[in-house]
Amino acid sequence: MNSVTARSILVTGASTGIGKASVLALLDEGFRVFAAVRNEHAAAGLGRAVPAGAEGRLETLELDVTNAEQIRAAVARITPAVGGAGLWGLFNNAGIAVSGPLECLPIDDLRRQLEVNVVGQVAVTQAFLPLLRSARGRILSTGSIAGFFAAPALGPYSMSKHAMEAFSDALRRELRPWGIQVSLLEPGAIATEIWKKGASDFDGIMSDPPKGLVENYGGLVEALRKAAAHSSQHASPTQYVTRDVVHAFTATRPKTRYRMGKDSTSRKIISRLPDRWADSLVAKTLGWG
C-alpha cells in the first residue's frame, strides 16, 4: 500500500499474542511500526518473525506503560523519527489479567490491574497526542467482552475493561474537532499465550490461596477453571483480531468498536438481558448460586 508506506504506528504490548500478531499484520500492510516490548528477548523474538522485506520498517523499544521515564524516552525517540508527518497510529494493547473473587482480592493486585490496563493507557495516550494531532491520526485500544459482561471471579479484569469502554468513548468525543479517529477492540476468546499464562497463574494462586478462597469460593473457582479450559480449546485465531486492527488504521471511516471471537455475540446478547435474568443464566451455567 503506497499510501501508508511512510505512516508510523506505535503498538504497546507487542511481545506476544494480539500485539505481536498485529505488528506483523501492520508491517505486511506497509506501515512503519514501533513495537513496544518488555525486554530484549521479546524484541529478538519479534524480529525473527518479521516478513521478508519489512525488516527496515520495524523498530523495537522497551516500554512499560506504568513507567513515566520509559514513556518519556519513547516520545523522545519516536518524535524525531516521524518528523513533521507525526504519528499516524497508536495501538494501546498492553495489559494484564488479574482474577479472583473480590472478597479475596489483594488490594495491591487490584491497583496493579488498574495501573496497567487503565492508567498506563491514559499516560501513553497523553504523551503521544501531540504527534497524533500532527498526523490527524488514529487511536485503537484493546478492550474485551469483559468490558460489557462481568463474570464472577473476573471482576478485576472486567473493571479495567469497563473503564476502557469509557476511556474510548470520552476520548473519541474529545478529539473529534481534530479528526482523530478513536476505536476499541472487543475480542472474545482468542488463541494466544494468555491461556497458558492464566493456567500458570491459577496454579500459583492455588498453591498458596488467600484466606477464604477455597472455603468460600472453591466451587466457583473450579467451575471457572473448566470454563477457561473450554474457551481455550474453542478460541478464535488471532487473524480475527488483526483483520480488524488493519481495518482500524486503513479504512476511510473506521468503526468505533470491533467485536470478534466466537463468544462475543452471545456475551453481548446476555449483557442486554435484564440483570436478574443474566444473573440466573450465569449461575446456572457455572453451577454457582
Strictly distance-based, threshold 3.5 Å: is any side-chain N or O of [X] a donor or acceptor partner for the main-chain N or O of [Y]?
X	Y	value
Glu62	Asn39	no
Asn92	Thr125	no
Glu55	Gly53	yes
Thr12	Ala94	yes
Ser160	Tyr157	yes
Arg138	Ala248	yes

Shared hydrophobic cluster, [X] / [Y] (ILVMFWY, side-chain heavy atoms < 4.5 Å):
X	Y	result
Val118	Val116	yes
Val82	Leu27	no
Val65	Ile139	yes
Ile9	Leu140	yes
Ile78	Leu58	no

query = Arg136: what forms a salt bridge (charged side-chain N to carboxylate O under 4.0 Å, His left out) with it, not counting sequence neighbours?
reply = none
What distance separates [X] [atom1] from [Y] [atom2], expressed to the nearest 0.5 Å?
X	Y	atom1	atom2	result
Phe128	Leu131	CZ	CG	7.0 Å
Ile145	Ser158	CD1	OG	9.0 Å
Thr242	Met260	OG1	CE	9.5 Å
Ser99	Leu224	OG	CG	8.5 Å
Arg57	Asp28	CZ	CG	8.0 Å
Met164	Leu171	CE	CG	9.0 Å

query = Yes or no on side chain to side chain contact (heavy atoms under 4.5 Å, CB included) for Ser271 and Phe148, after CA distance, side-chain angles and deciding distance?
reply = CA-CA 7 Å; Ser271 73; Phe148 54 78; 3.8 Å; yes
ask   = Sequence neighbours excluded, which residues qualify as side chain to side chain donor-acceptor pair (under 3.5 Å) partners of Glu186?
value = Arg257
inquiry  = Checking Tyr258 now: which residues fulfil side chain to side chain donor-acceptor pair (under 3.5 Å) with it, not counting sequence neighbours?
reply    = His247
query = If you look only at pairs with a residue in residues 91-110, which of them pass as a salt bridge (Lys or Arg N to Asp or Glu O under 4.0 Å), with sequence neighbours excluded?
reply = Asp108-Arg111
query = Any side-chain heavy-atom pair from Arg38 and Asp64 closer than 4.5 angstrom?
reply = no
key: Close side-chain approach of Pro152 and Val282, heavy atoms under 4.5 Å   = yes
request  = Could you please spell out the steps behind the side chain to side chain contact (heavy atoms under 4.5 Å, CB included) verdict for Val33 and Val11?
outcome  = CA-CA 7 Å; Val33 180; Val11 179; 4.0 Å; yes
task = Please test Leu46 against Thr16 for side chain to side chain contact (heavy atoms under 4.5 Å, CB included), starting from the C-alpha separation and ending with a verdict.
result = CA-CA 8 Å; Leu46 182 58; Thr16 58; over 6 Å; no
Contact summary for [X] and [Y], nearest pair of heavy atoms:
X	Y	answer
Ser22	Val245	OG-CG2, 3.6 Å
Phe249	Trp88	O-NE1, 3.0 Å
Gly100	Pro156	O-CD, 3.9 Å
Arg112	Ile96	CG-CD1, 3.7 Å
Thr60	Ala43	OG1-CB, 3.6 Å
Lys161	Ser144	CG-CB, 3.7 Å

remark   = Sorted by chain and residue number, the ring-ring contact (aromatic ring centres under 6.0 Å, His included) partners of Phe167 (sequence neighbours excluded) come out as none
Side-chain donor/acceptor pairs under 3.5 Å, residues 172-184, sequence neighbours excluded:
from: Arg172; atom 1: NH1; to: Asp169; atom 2: OD1; distance (Å): 2.9
from: Arg172; atom 1: NH2; to: Asp169; atom 2: OD1; distance (Å): 3.3
from: Ser183; atom 1: OG; to: Lys255; atom 2: O; distance (Å): 2.5

request  = May I ask you to check if Arg32 and Phe34 form a cation-pi contact, with NZ or CZ under 6.0 angstrom from the six-membered ring centre and within 45° of the axis?
outcome  = no
query = Checking Lys268 against Phe149: charged group under 6.0 Å from the ring centre and within 45 degrees of the axis?
reply = no
query = Are side-chain N/O atoms of Asn93 and Thr142 paired as donor and acceptor at under 3.5 Å?
reply = yes
key: side chain to side chain contact (heavy atoms under 4.5 Å, CB included) evaluation trace for Phe31 with Val246   = CA-CA 10 Å; Phe31 286 101; Val246 169; 5.7 Å; no
Salt-bridge criterion met for Arg225 and Glu222 (N-O under 4.0 Å) = yes
query = How about Glu215: does its CD atom have over 12 heavy atoms from other parts shown lying under 6.0 Å from it?
reply = yes
